[in-house]
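As the structure is a computational prediction, the values presented were derived from the model and not from experiment.
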Amino acid sequence: MSPWLVLLVAGLFETIWAIGLAYTDGFTEPLPSAATLAAMGVSVYLLSRAVQQIPVGTAYAVWTGIGAVATAILGVYLFDEPVSALRVGCIALVVVGIAGLQVTSSGHA
């Protein structure tokens, strides 16, 4: 499997655990807490697999970028977080940064 695909999935699991934090109520709710911790484990495991072939700095930046963008978007839909042109523009800049890191990466650890 492509290390970039593994990294993408790791970033999606990062999004799951970040959103999950809102449902754990400070890790006092057992089911959301267990799901959030499981997503954390999967996310970090997949990140560790990706850095076997992608430079760690690049992989980490892309991983956090995917999580940040997806979490910000879901925050708008799930939690009625504010939306503005400036916020959308900033999210777009993160997306451009993620794409730039992928395009310019040598792919070697």
Side-chain angles (χ1 to χ4, degrees):
M1 183 178 282
S2 161
W4 288 102
L5 181 56
V6 171
L7 187 58
L8 172 64
V9 175
L12 294 176
F13 271 94
E14 182 189 11
T15 304
I16 292 168
W17 71 254
I19 293 296
L21 288 172
Y23 295 99
T24 66
D25 194 26
F27 287 101
T28 61
E29 294 292 329
L31 196 55
S33 296
T36 298
L37 290 170
M40 285 177 176
V42 170
S43 180
V44 171
Y45 171 75
L46 292 174
L47 175 63
S48 75
R49 296 301 305 250
V51 299
Q52 291 176 322
Q53 297 178 44
I54 300 171
V56 68
T58 299
Y60 185 74
V62 170
W63 178 69
T64 58
I66 291 168
V69 167
T71 302
I73 291 168
L74 285 172
V76 168
Y77 290 105
L78 297 174
F79 308 120
D80 295 320
E81 292 179 2
V83 150
S84 68
L86 183 58
R87 186 170 180 178
V88 171
C90 290
I91 291 170
L93 288 172
V94 174
V95 171
V96 169
I98 292 168
L101 285 170
Q102 197 277 332
V103 168
T104 61
S105 175
S106 65
H108 299 96

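No more than 12 heavy-atom neighbours from other residues, nucleotides or ligands sit within 6.0 angstrom of OH on Y77. With a 6.0 Å radius and a threshold of 12 heavy atoms from other residues, nucleotides or ligands, Y23 has its OH atom above the threshold.
Clustering of Ile, Leu, Val, Met, Phe, Trp and Tyr by side-chain heavy atoms under 4.5 Å joins V96 with none of the others.
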Side chain to side chain contact (heavy atoms under 4.5 Å, CB included) between L46 and W63, intermediate numbers included: CA-CA 10 Å; L46 292 174; W63 178 69; over 6 Å; no
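Minimum heavy-atom separation, A72 to I91: CB-CD1, 3.7 Å. Summarising the geometry of I66 relative to L12, their closest heavy-atom pair is CG2-N, 4.0 Å, with the distance given to 0.1 Å. What you find for A10 and S43 is that their closest heavy atoms are O-OG, 2.9 Å. Between L21 and T24, the closest heavy-atom pair is O-OG1, 3.0 Å. Across all their heavy atoms, G67 and T15 have their closest contact at CA-OG1, 3.5 Å. The shortest heavy-atom contact between G65 and I98 is C-CD1, 3.3 Å.
Side-chain contact between V76 and D80: absent, with no pair of heavy atoms (C-beta onward) separated by less than 4.5 Å. Put simply, the side chain of W4 reaches to within 4.5 Å of the side chain of V62, judged on heavy atoms.
L74 and V95 fall into different hydrophobic clusters, where Ile, Leu, Val, Met, Phe, Trp and Tyr residues are linked whenever their side-chain heavy atoms come under 4.5 Å apart, directly or through other members. Under the 4.5 Å side-chain heavy-atom criterion for Ile, Leu, Val, Met, Phe, Trp and Tyr, I73 and L8 are members of the same hydrophobic cluster. The cluster map of Ile, Leu, Val, Met, Phe, Trp and Tyr, joined by side-chain heavy atoms under 4.5 Å apart, puts V6 and V56 in the same cluster. Taken together through direct or relayed side-chain contacts under 4.5 Å among Ile, Leu, Val, Met, Phe, Trp and Tyr, L5 and Y60 form part of one hydrophobic cluster.
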In residues 31-40, what donor-acceptor pairs under 3.5 Å come from side-chain atoms, sequence neighbours left out?
{"residue": "S33", "atom": "OG", "partner": "E29", "partner atom": "O", "Å": "2.6"}
{"residue": "T36", "atom": "OG1", "partner": "G20", "partner atom": "O", "Å": "3.4"}
{"residue": "T36", "atom": "OG1", "partner": "P32", "partner atom": "O", "Å": "2.8"}

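Taken to the nearest 0.5 Å, the CD1 atom of I19 stands 5.0 Å off from the OG1 atom of T71. Note that OG1 of T64 is 9.5 Å distant from CG of L47, once rounded to the nearest 0.5 Å. Note that CZ of R49 and CG of L7 are 13.5 Å apart. Values are rounded to the nearest 0.5 Å.
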